[in-house]
Amino acid sequence: MHTHFMDKLRNYDVSFSGLKNGKHEFKFEIDKTFFQLFDTEQEFTNPRIKVDVLLDKHTTFLEFEIKIKGLVELVCDITNENFDYPIENEIKILVNFGEEYDDSNEEVITIPTSDHAFNIAHLIYENVMLSIPMKKVSPNISDEDLNILNQFSPKEIEEIEEEEHESDPRWDALRKLKDNN
């Protein structure tokens, strides 16, 4: 089981040992199988992401620029509808060589001198996760709708629904909004 996982992960190795110094490009396509490698409760489905990796190889260290661009499907916090959310992000990282693997510094990762490849799976994963918004709101929702909804936290809405304040104009607006969906 574990070796199978390692094999899958190896698809995201950038092999640098045979490369000349200078710039090299690698491209990866990321879909849901990639995220299945990570044991996580991810908050999106149907990822369609392209990863462009630019490696600038120097004699004693490597420079990586990892750009992600694509779409993921999120569930709207308000309507519970799925919608495509465009993500785009990039991270730059230096990789140098040392006794053992060390990623305690976020910008400089040390890998063992004996390594021939650098695995970017975790960096891609983090990069995508950083691009997912805290508030997931479908683009179909207008600003006006949002203003109404922002006046209430979900808990308040529930309380109001229980009490049914007929006289509250904000509530009328909110109910109108809900009926339209």
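Remember, it's a predicted structure, so these values are computed and weren't measured experimentally. Each residue takes its place number in the sequence, starting with 1.
- Using cut-offs of 30° and 60° for the angle between ring planes, the His24 and Phe26 rings count as tilted.
- Cluster annotation: Ile111 and Leu19 are assigned to the same hydrophobic cluster (Ile/Leu/Val/Met/Phe/Trp/Tyr, side-chain heavy-atom contacts under 4.5 Å, transitive).
- Under a 3.5 Å cut-off, the side chain of Asp77 and the backbone N or O of Lys136 do form a donor-acceptor pair.
- Cluster membership for Ile109 and Met129, using ILVMFWY side-chain heavy atoms within less than 4.5 angstrom, is shared.
- When all heavy atoms of Ile132 and Ile87 are compared, the pair lying nearest together is CD1-CG2, 4.3 Å.
- Residue Val14 forms a side chain to side chain contact (heavy atoms under 4.5 Å, CB included) with just one option from Ile66, Val95, Ile120, and that option is Ile120.
- If you check the side chains of Asn21 and Thr59, you find a donor sitting under 3.5 Å from an acceptor.
- The nearest pair of heavy atoms linking Leu9 to Ala121 is CD1-CB, 3.7 Å.
- Here Asp13 pairs with nothing under the salt bridge (charged side-chain N to carboxylate O under 4.0 Å, His left out) rule; sequence neighbours left out.
- In this structure, Phe16 has its ring center under 6.0 Å from that of Phe97.
- Ring centers of Phe61 and His58: under 6.0 Å apart, within the cut-off.
- For the pair Glu63 and Lys92, the salt-bridge criterion is not met [side-chain N within less than 4.0 Å of a carboxylate O].
- Shown here is Lys57, whose NZ atom has more than 12 heavy atoms of other residues, nucleotides or ligands within 6.0 Å.
- Across Ile93 and Glu107, no two heavy atoms sit closer than the pair CG1-O, 3.5 Å.
- Exactly one of Leu54, Val53, Leu55 qualifies for a side chain to side chain contact (heavy atoms under 4.5 Å, CB included) with Glu65. That residue is Leu54.
- Across Ser15 and Ala117, no two heavy atoms sit closer than the pair CA-CB, 3.8 Å.
- Ile91 and Leu94 are not part of a single hydrophobic cluster, where members link through side-chain heavy atoms under 4.5 Å apart.
- Shortest non-hydrogen contact noted between Gly98 and Thr110 is N-CG2, 3.5 Å.
- Under the rule for a salt bridge (charged side-chain N to carboxylate O under 4.0 Å, His left out), the partners of Lys50 that lie at least two apart in sequence or sit in another chain are Glu29.
- Taking the six-membered ring where the residue is Trp, Phe38 and Tyr125 present parallel rings, their angle staying beneath 30° rather than reaching 60°.
- Summarising the geometry, atom CZ belonging to Phe34 is positioned 4.5 Å from atom CD1 belonging to Ile124; distances are rounded to the nearest 0.5 Å.
- The minimum heavy-atom distance linking Asn46 with Glu73 is given by the pair ND2-OE2, 3.6 Å.
- Under the salt bridge (charged side-chain N to carboxylate O under 4.0 Å, His left out) criterion, Asp52 pairs with Lys27, not counting sequence neighbours.
- The hydrophobic clustering, which links ILVMFWY residues whose side-chain heavy atoms are closer than 4.5 Å, places Val128 and Val75 apart.
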